[in-house]
Structures are given as C-alpha cells and as structure tokens.
S.K.: 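Structure provided below as structure tokens; questions to follow.
Per chain, numbering begins at 1; letters A, B, ... match sequence-line order. This is a predicted model, so every value here is computed, not measured.
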Protein chains: 2
Amino acid sequence: MEPTFDAVAIVGPGLVGGSLGLALRRRGLARRVIGIGHRAESLDVAKRVGAVDETTLDAGQGVREADLVVIATPISAVGPVARAAAGRLKRGAVVTDVASVKQSVISTVREALAGRDDVAYVPTHPMAGSERRGAEHADAELFAGSVCIFTPLAGTPASAVHRLRAMWEAVGARVCTLEAETHDRIVARISHLPHLVAAALVLCVSEDEAAFSGGGLADTTRIAGGAPPLWRDICQSNAPEVLRALDDFAAGIGHVRDLIAQDRFDELQALLEAAKRKRDSFPERRRPR
Amino acid sequence: MEPTFDAVAIVGPGLVGGSLGLALRRRGLARRVIGIGHRAESLDVAKRVGAVDETTLDAGQGVREADLVVIATPISAVGPVARAAAGRLKRGAVVTDVASVKQSVISTVREALAGRDDVAYVPTHPMAGSERRGAEHADAELFAGSVCIFTPLAGTPASAVHRLRAMWEAVGARVCTLEAETHDRIVARISHLPHLVAAALVLCVSEDEAAFSGGGLADTTRIAGGAPPLWRDICQSNAPEVLRALDDFAAGIGHVRDLIAQDRFDELQALLEAAKRKRDSFPERRRPR
C-alpha cells in the first residue's frame with residue numbers, strides 16, 4: 001500500500017501508539033516510524049516488538065523530520081509534548097492526538113501550536129484499547145473494525161484531515177466525525193461512567209466474596225483494571241460531562257432501589273426488559289481476549 | 001465412573017439443569033435422567049441435545065422413581081414444583097434446588113416437604129451460568145472449575161449431603177458450605193448488585209452512543225442481557241440484601257462524585273488504585289465465550 005505519511009513520529013508508543021506503529025509498519029504505510037518517550041525501557045520494548053524503527057528520548061529532536069506526529073501520551077503529558085515539539089515541527093507536518101477527552105486537549109494543543117499556521121492539527125480518538133498498558137501488548141490489528149472519532153477544527157486544511165483519515169482507514173478503522181463537545185458528552189457515558197461504576201462495584205465486594213463469583217462479576221468489573229493515573233486524567237479533563245453522567249446514573253440506581261423497596265416488581269421487570277433489549281443491540285468486543 | 005444416583009429427575013432442564021443432565025450422562029454418573037418441564041418444546045430441546053433420557057410434563061409422575069430430584073426452575077416455580085412432587089417422592093430420595101437465593105427458597109421447600117421425613121432436602125447454588133437461557137446452550141463443562149455453594153440444613157442426614165457433594169465434584173465443581181444467610185448476603189454483592197448496575201448503566205446510554213463504544217461497555221453490561229423474569233424473581237426473593245448492597249454502592253458512587261466535583265483527584269486516583277488492586281485478584285471467567 002502507498003505510504004500515507006513518509007516519516008511518522010509516535011510520542012508515547014504504548015498500547016495505542018505502539019499498536020498504531022505496528023499496524024503502519026506491517027502494512028507498509030510509513031517509511032519510518034520514530035518512537036519518542038521519556039523512559040528508555042519503554043522505548044526499547046516498542047522497538048523490540050516492532051512498533052517503531054528508531055527511538056529517541058528527545059521530543060524536539062524526534063519530531064523534526066516527521067510528516068505526521070501522533071501524540072499518544074496520557075492526557076496530562078499532551079500539553080508538555082506539544083510545547084516541546086512546537087518550535088521543531090517540519091513545515092507542512094500534521095499533528096494529531098489520540099486522547100480520550102477532546103475539548104480540553106484541543107485547547108491545550110492549539111495554545112502550544114499558536115503561531116505555527118504551517119502545521120495542521122487534527123484531533124482524533126480511536127475507540128480501541130484495553131485495560132492493559134505498554135507496547136508489549138501492542139497489536140497490529142487493534143484498530144481493525146473499530147471506530148476512530150475525528151473532531152476536526154474549523155479552518156484545518158481538508159487535505160490534512162483527508163490524509164489522516166486515509167491512514168486510519170488503512171489500519172482498519174471506520175472514521176466518524178463529531179463536534180468535540182458531542183464527543184466528550186458521549187464518551188463520558190460509554191467509557192468514563194462505566195469505568196467509575198466498575199471501580200465502585202469492585203469496592204463493594206471483598207476478595208473473599210469475589211472468590212465465589214461465577215464470572216459475571218469479572219466481566220462487569222474488567223475495565224476497573226485500567227491504569228489509575230490515566231483514568232484520573234480523563235475524569236479531571238472531562239469533569240463536567242462525567243459529573244452529569246454520574247448524576248443520571250445515580251438517579252437510575254435510586255429508581256431501581258425505589259422499585260425494590262416499594263415492592264414494584266412488575267415495573268422492575270419492565271425496566272430490566274428495556275435494559276436487555278437495548279443491551280442486545282450493543283456492539284461486542286471484536287476479538288476474544 | 002460409579003453412578004452417584006441411579007435415576008435423576010431434573011425439573012426445568014434449561015441452561016443450568018440441562019448442563020447438569022448433560023454432564024451426568026456424558027460421565028456415566030446416572031443411569032437415567034428424567035427431564036420434567038411445563039413446555040413440551042423445551043423438553044424436546046433438552047432431549048435433542050442429550051441433556052435427558054426421557055421427558056414428562058407431569059412433575060408428580062416424573063419424580064416417582066427418582067433417587068435425586070433437582071429443582072432447576074426459576075425461583076417463583078420452586079414452591080409449586082416442590083408441592084406437586086412432595087406426595088410422590090420415593091422414600092429415601094434426595095431433593096435439591098439450584099436457586100440463586102437460599103433463605104426464602106429453603107423456607108418454601110421445607111414447607112412443601114413438611115411430613116416427608118423420609119426424604120432429604122439439600123439446598124445448593126452452583127455459581128455457573130450465563131446470560132443465555134435454555135437447554136440449547138447446555139454445556140457438559142459448565143461446572144468444570146466452578147464453585148457450588150451448599151447451604152445444608154441442620155438435621156439433614158450427612159449421607160445425603162455427601163452423595164450430592166460427590167455428584168457436584170464429579171461434574172467438576174468445587175463445593176463450599178455456607179450459612180444460607182451468608183450466601184444471600186454475598187450473592188447480593190457479587191451477582192445481584194452487578195446485574196442491577198449493568199441494567200442501570202445500559203439505560204444511561206442511547207443505542208446511537210453505544211455504537212461508538214470500543215468494547216469496554218459491552219463487557220461491563222453483558223449480564224444485563226440476562227432474562228428479566230429470572231432477575232425479577234431473584235431481586236424479589238433477596239430484596240433486603242439487594243437493598244443493602246444497592247445502598248452501599250450508591251454511597252460509593254456518591255463519594256466518587258464528590259471527589260470529582262470537589263477537585264480531589266489525588267483521592268480519586270487512590271480510590272481507582274485500590275479498585276484496580278482488588279479487581280486484579282478476582283477470578284476470571286473460565287472459558288472464552
């Protein structure tokens with residue numbers, strides 16, 4: 001396949017960044033993939049698994065020759081990375097990020113890139129991942145069949161958006177476009193709320209009690225195994241929408257409680273039926289884990 | 001292997017009852033398995049998949065020759081079945097049930113069997129199953145590696161408990177003994193609460209929003225696909241413990257909300273870390289689904 005970008009720099013080649021590097025290299029979609037990080041050990045892993053061709057600890061240096069810079073760090077590092085890279089970016093480069101929250105990240109990156117009208121910033125959020133971390137879990141097929149949400153800014157050259165879209169489609173993703181605000185509202189409900197709910201559920205159960213579980217509990221709480229610092233960042237960056245989602249959910253739990261306490265089991269059954277019908281329409285994980 | 005019971009009657013040979021029948025027949029653990037139900041179609045399925053040798057719609061007739069009667073119906077049918085069978089049970093027969101709630105079911109069955117001092121009732125709860133229903137999903141290995149909780153009554157002959165235990169162990173389960181009250185408190189937390197939480201979570205998300213999900217949502221809400229009438233029965237039969245579990249969980253969600261609303265993200269991270277540590281110790285589902 002024709003490379004969509006010649007040299008791609010991936011800042012933070014962990015699970016998501018590393019999987020992208022692996023997918024690009026396996027499919028011949030980039031001539032060079034440069035891995036940038038702040039820990040030599042993690043970069044060594046990324047290189048060993050074949051996610052990157054070369055590595056550097058110096059973000060400014062690493063991005064100099066890149067046609068595409070993918071910021072795949074935890075949210076709290078996106079701003080520092082963008083600031084470190086801003087002065088060194090190649091004219092005409094495309095910059096993207098893969099953060100789970102868009103409005104706050106977009107404003108941070110735009111600020112860092114102010115004055116660089118010769119580079120195009122295209123925010124995205126590939127809806128793929130797992131509770132595992134690190135390039136050792138990188139998977140060239142992570143994005144196959146997944147959705148990648150683009151939240152492009154007004155005024156970004158269409159050609160930059162188009163090239164990035166071609167790249168994501170080439171690694172198997174279906175690209176959708178949303179307003180950043182809509183994105184943040186939706187992911188608060190489909191991703192951030194479930195994470196907090198899973199954590200709260202785990203904390204209601206002792207390890208001795210969990211030992212009796214038949215497996216449903218494991219499924220329901222699996223995502224609570226995700227990395228706490230990443231989820232802290234996410235909740236902090238999307239706090240208003242996460243709070244709204246928590247409030248709606250708490251009201252739902254309160255309603256269920258009332259139905260049981262007030263012996264309204266016909267209504268409880270109707271509620272469980274509505275939930276089942278909706279749940280049966282949800283997309284499944286695409287591969288066995 | 002030596003049969004543990006000669007003739008076994010399974011009332012309600014669906015997913016759990018049918019899997020037990022299949023496991024007993026495949027391993028030569030019973031000479032005859034009699035399937036009893038109230039729908040001919042379901043019994044035909046049970047016979048076709050090999051879960052039972054013969055079938056009948058007449059519970060009184062079906063239990064007459066059984067050395068073991070397994071009541072594997074939804075909770076609301078356990079009482080009627082026990083009453084229909086009571087006068088017909090063979091002298092020396094063992095009666096068991098596999099219901100997800102023990103205190104209320106035990107009291108119903110004891111009442112139905114009052115006066116039958118010549119039969120032994122041993123309540124159990126195999127912690128295996130799935131959100132699927134019916135003998136078409138029966139699996140001879142469903143119990144392999146699972147836990148089967150026994151909540152035996154004082155005064156039950158040890159030999160009856162021993163024989164039933166040998167049967168569950170022969171199909172692969174590890175048998176644990178709990179007080180019925182302890183059982184009901186634990187399953188409210190590890191099973192009934194997660195089910196209600198999954199349903200409430202589903203109802204916070206629209207189908208359009210769910211279409212963007214990467215799979216974590218599917219895991220977290222999978223159990224909400226379970227049969228609403230069964231779960232209604234369960235919540236009703238274990239209402240006091242389910243309410244206590246819901247209250248603890250709601251307090252936990254309220255605490256998470258406060259941490260976010262009050263910008264206490266160090267504490268949120270500590271909470272997520274505690275949840276992750278505990279979650280990492282939970283038993284996983286034993287087989288890919």
Side-chain angles (χ1 to χ4, degrees), chain A residues 127-129 146-147 186 189-190 194 196-205 207 209-210 212-225 228 231-232 235-236 239 242-243 246 248-250 252-253 256-257 260-261 265 268-269 272-273 275-276 278-285 288, chain B residues 127-129 146-147 186 189-190 194 196-205 207 209-210 212-225 228 231-232 235-236 239 242-243 246 248-250 252-253 256-257 260-261 265 268-269 272-273 275-276 278-285 288:
Chain A
M127 301 297 292
S146 73
V147 172
I186 292 176
R189 281 161 195 275
I190 67 175
L196 294 171
V197 164
L201 203 47
V202 166
L203 294 175
C204 276
V205 177
E207 288 180 32
E209 291 167 349
F212 290 105
S213 151
L217 182 68
D219 276 357
T220 313
T221 59
R222 174 158 301 113
I223 53 177
W231 283 98
R232 171 229 178 101
C235 294
Q236 191 160 13
V242 170
L243 287 172
L246 277 168
D248 285 355
F249 173 74
I253 286 290
V256 165
R257 197 217 180 277
I260 296 175
F265 288 101
L268 180 70
Q269 184 169 335
L272 296 175
E273 272 158 9
K276 175 178 167 53
K278 198 188 275 185
R279 169 62 185 79
D280 288 346
S281 76
F282 282 9
E284 284 295 323
R285 269 188 200 264
Chain B
M127 301 298 292
S146 73
V147 172
I186 292 177
R189 282 161 194 276
I190 66 174
L196 295 170
V197 165
L201 202 47
V202 166
L203 294 174
C204 276
V205 177
E207 289 180 31
E209 291 167 350
F212 290 105
S213 150
L217 181 67
D219 276 357
T220 313
T221 60
R222 175 159 300 114
I223 53 176
W231 284 96
R232 171 230 180 101
C235 293
Q236 191 161 12
V242 170
L243 287 173
L246 276 169
D248 285 356
F249 173 73
I253 286 290
V256 166
R257 197 218 180 277
I260 296 176
F265 288 101
L268 180 69
Q269 183 169 337
L272 295 174
E273 272 158 7
K276 175 179 167 54
K278 199 189 274 184
R279 170 58 185 81
D280 290 345
S281 76
F282 282 9
E284 285 294 324
R285 268 190 201 263

S.K.: With a 4.5 angstrom heavy-atom cut-off, could you sort out which part of B/V147 is near chain A: side chain, backbone, both or neither?
M.R.: side chain
S.K.: Can you find a pair of side-chain heavy atoms, one from A/V197 and one from B/V197, that are under 4.5 Å apart?
M.R.: yes
S.K.: Let's test your reading of the structure: which of A/L203, A/V242, A/L268 forms the most heavy-atom pairs below 4.5 Å with chain B?
M.R.: A/L203
S.K.: I'd like to know if the side chain of B/R279 and the backbone of A/V202 have a donor-acceptor N/O pair within less than 3.5 Å.
M.R.: no
S.K.: For residues A/A200 and B/I253, report the shortest heavy-atom separation together with the two atoms involved.
M.R.: CB-CD1, 3.8 Å
S.K.: Below 4.5 Å from any heavy atom of chain B, which atoms of A/S213 appear? Answer side chain, backbone, both or neither.
M.R.: both
S.K.: To the nearest 0.5 Å, how far apart are CZ in B/R222 and OG1 in A/T220?
M.R.: 9.0 Å
S.K.: Under a 4.5 Å heavy-atom cutoff, which of B/Q269, B/E209, B/E207 has the most pairs with chain A?
M.R.: B/Q269
S.K.: Mind ranking A/I186, A/V256, A/L243 by heavy-atom pairs under 4.5 Å with chain B and telling me who comes out on top?
M.R.: A/L243
S.K.: At a heavy-atom separation under 4.5 Å, does B/L201 approach chain A through its side chain, its backbone, both, or neither?
M.R.: both
S.K.: Quick check: do B/L272 and A/L196 have side-chain heavy atoms less than 4.5 Å from each other?
M.R.: yes
S.K.: Any heavy-atom pair between the side chains of B/I260 and A/L246 that's under 4.5 Å?
M.R.: yes
S.K.: The criterion is side-chain contact (heavy atoms from CB on, under 4.5 Å); which residues satisfy it with A/Q236, sequence neighbours excluded?
M.R.: A/R232, B/D263, B/F265
S.K.: Rounded to the nearest 0.5 Å, what separation is found between the CG atom of A/L217 and the CZ atom of B/F282?
M.R.: 5.0 Å
S.K.: Could you work out, with side-chain contact (heavy atoms from CB on, under 4.5 Å) as the rule, every residue matching B/D280, not counting sequence neighbours?
M.R.: B/K276
S.K.: Return the minimal non-hydrogen interatomic distance between A/C204 and B/R189, and the atom names on each side.
M.R.: O-NH1, 3.3 Å
S.K.: May I ask you to name which of A/A198, A/G252, A/C235 has the most heavy-atom pairs under 4.5 Å with chain B?
M.R.: A/C235
